[in-house]
Amino acid sequence: MKLLSDDALHEVSESMESLSRKGISRRDFMKFCSGMAALLALPASLVPRIAEAVSGKKPYLVWLEFQDCAGDTEALLRATKPAVADIIFDIFSVDYHETIMAPSGRQAEKSLQDVVKNNKGEYFVVVEGSIPMNDGGVYCCIGGRSAVDIAREVCGNALATIAVGNCAAYGGIPAALPNPTGAVSIKEAVPDAAVINLPGCPVNVENLTACIVHYLTFGSLPNTDKLGRPYFAYGKRIHDNCERRAHFDAGQFVRQWGDEGHRQGWCLYEMGCKGPATFHNCPVVKYNEGTSWPVQAGHGCIGCSEPNFWDTMSPFYRRLPEVPGFGVEKTADKIGIGMVSLTTAGIAVHAVANAVKKKKSGEDKETE
Ligand code: SF4
């Protein structure tokens, strides 16, 4: 039985020729397609369809950088073995990316205008960084135009906008209190745009690629949660897939950096890990081609894929929360709720805790 039509086979062969010139073998390409299927939780029988989809017409892609540190761009460019970045650049026609494009000045801005005007409703936009709204948006200007002005035009006419990193998805560090520039997410700046959020510092390039592969294969972006994040990447808590979870359940915690528990790879909860309140697939996909991720490297999760994490998840090295009865016997879900409650309504939780403490001390006194 033929898995692909003759036309599809021709497209895949042409794509393979292009990739092999870059030193990427057919095996690497099929491994990439299988990896995408696994990441999107699709059956292996769809791998040929993915191969066909990513070998077809290249969609236009525009990458905008606003109030950012370029960490997401770095994550894209650091992808290696097989060169995910090469495959990505072969799948897309990347027409505008300030950091990596050869032209500059007017020529660069003309490339952007050409894509927006000639391909209305047909191109993807990746946005990195938040958008400042205060004082007419003067705190981030490119080519004499404010970020909000550019975002409204480019994202407003796009097929879809992918917000990469916490800053583009939720405002991130620039939006942390007191938020002097009035930084907001791309969805807040351009409410009518079709936006999917891929928060994290930085974005995991595999998740970005999977979103586009999903679109090319099925003609739609993946389903998302209420925060606009795709379920395949943000459907589970960090805590649920963490390799240190058995130590959490056993009550084995690191109590000091460099102590015996730290050397043994025990749970980092007592050191401030926010894994129980954070949704992301870091423990499964990891970073740098699956080499490692923060908790594996010995540092607690700081919750960088959650909204307002800089304000709500800090102090990053303090244990959450000091509520009576909040022990290791509780389930991750209860702990997650407890932590979210603390981060969103910390005063209320502490008030409950204090009330419980006072009641208990009152009872103790009565008993005396
Ligand atoms: S608290 Fe952090 S280190 Fe401990 S199991 Fe959960 S995610 Fe892993």
Side-chain angles (χ1 to χ4, degrees), residues 39 41 75 165-166 169-170 172 197-204 206-207 225 227 229-288 290-346 349-350 353:
L39 184 54
N166 198 294
Y170 305 128
N197 289 327
L198 298 180
C201 283
V203 67
N204 194 313
E206 307 238 0
N207 292 336
D225 64 14
L227 295 172
R229 306 175 294 191
Y231 281 118
F232 78 85
Y234 300 87
K236 291 212 165 125
R237 288 175 207 282
I238 295 259
H239 190 66
D240 294 339
N241 287 318
C242 181
E243 63 226 41
R244 298 180 188 237
R245 175 60 186 266
H247 296 295
F248 176 92
D249 292 338
Q252 294 174 319
F253 297 104
V254 176
R255 312 256 177 211
Q256 213 176 2
W257 299 117
D259 69 6
E260 188 53 26
H262 200 209
R263 281 193 287 277
Q264 296 289 335
W266 287 2
C267 174
L268 295 158
Y269 178 69
E270 295 278 344
M271 302 306 289
C273 180
K274 309 299 186 292
T278 305
F279 289 76
H280 205 173
N281 59 359
C282 302
V284 179
V285 180
K286 304 185 180 178
Y287 283 82
N288 301 323
T291 306
S292 189
W293 67 293
V295 168
Q296 184 178 340
H299 191 285
C301 165
I302 60 169
C304 68
S305 57
E306 297 301 318
N308 309 317
F309 82 101
W310 200 260
D311 293 328
T312 58
M313 297 288 188
S314 56
F316 294 129
Y317 298 106
R318 188 176 301 162
R319 200 205 112 165
L320 291 166
E322 297 288 346
V323 178
F326 188 84
V328 293
E329 75 281 359
K330 297 285 179 192
T331 65
D333 268 1
K334 282 183 186 163
I335 284 166
I337 289 164
M339 292 177 76
V340 169
S341 302
L342 182 79
T343 54
T344 53
V349 172
H350 280 296

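In each ligand, atom 1 is the first atom listed, and ligand 1 is the first ligand listed.
- For atom 1 (S) of ligand 1, the candidate residues are Gly265, Cys267, Gly275, Cys301; the nearest heavy-atom contact is made by Cys267.
- A donor-acceptor distance shorter than 3.5 angstrom exists from the side chain of Arg244 to the backbone of Trp266, with no hydrogens or angles considered.
- Against a heavy-atom cut-off of under 4.0 Å, Arg244 is close to the following atoms of ligand 1: 5 (S).
- To the nearest 0.5 Å, atoms OG (Ser305) and OH (Tyr170) are separated by 7.5 Å.
- Checking side-chain atoms of Asn241 against main-chain N and O of Asn281 turns up no donor-acceptor pair under 3.5 Å.
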Working for side chain to side chain contact (heavy atoms under 4.5 Å, CB included), residues Glu306 and Thr278
CA-CA 6 Å; Glu306 297 301 318; Thr278 305; 4.1 Å; yes
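- In terms of protein heavy-atom proximity, atom 3 (S) of ligand 1 is nearest to Leu268 N, 3.4 Å.
- Inclusion of Cys242 in the first shell of atom 2 (Fe) of ligand 1 is not supported: no N, O or S atom falls under 2.8 Å.
- The aromatic rings of Phe316 and Trp310 sit perpendicular to each other, their planes meeting at more than 60°, with 30° as the lower class boundary.
- Numbered from 1 in the order shown, with element, the atoms of ligand 1 that lie under 4.0 Å from a heavy atom of Arg245 read 5 (S).
- From the protein, the heavy atom lying nearest to atom 6 (Fe) of ligand 1 is His239 ND1, 2.2 Å.
- The closest protein non-hydrogen atom to atom 2 (Fe) of ligand 1 is Cys273 SG, 2.3 Å.
- At least one donor-acceptor pair closer than 3.5 Å links the side chain of Asn166 to the backbone N or O of Cys304.
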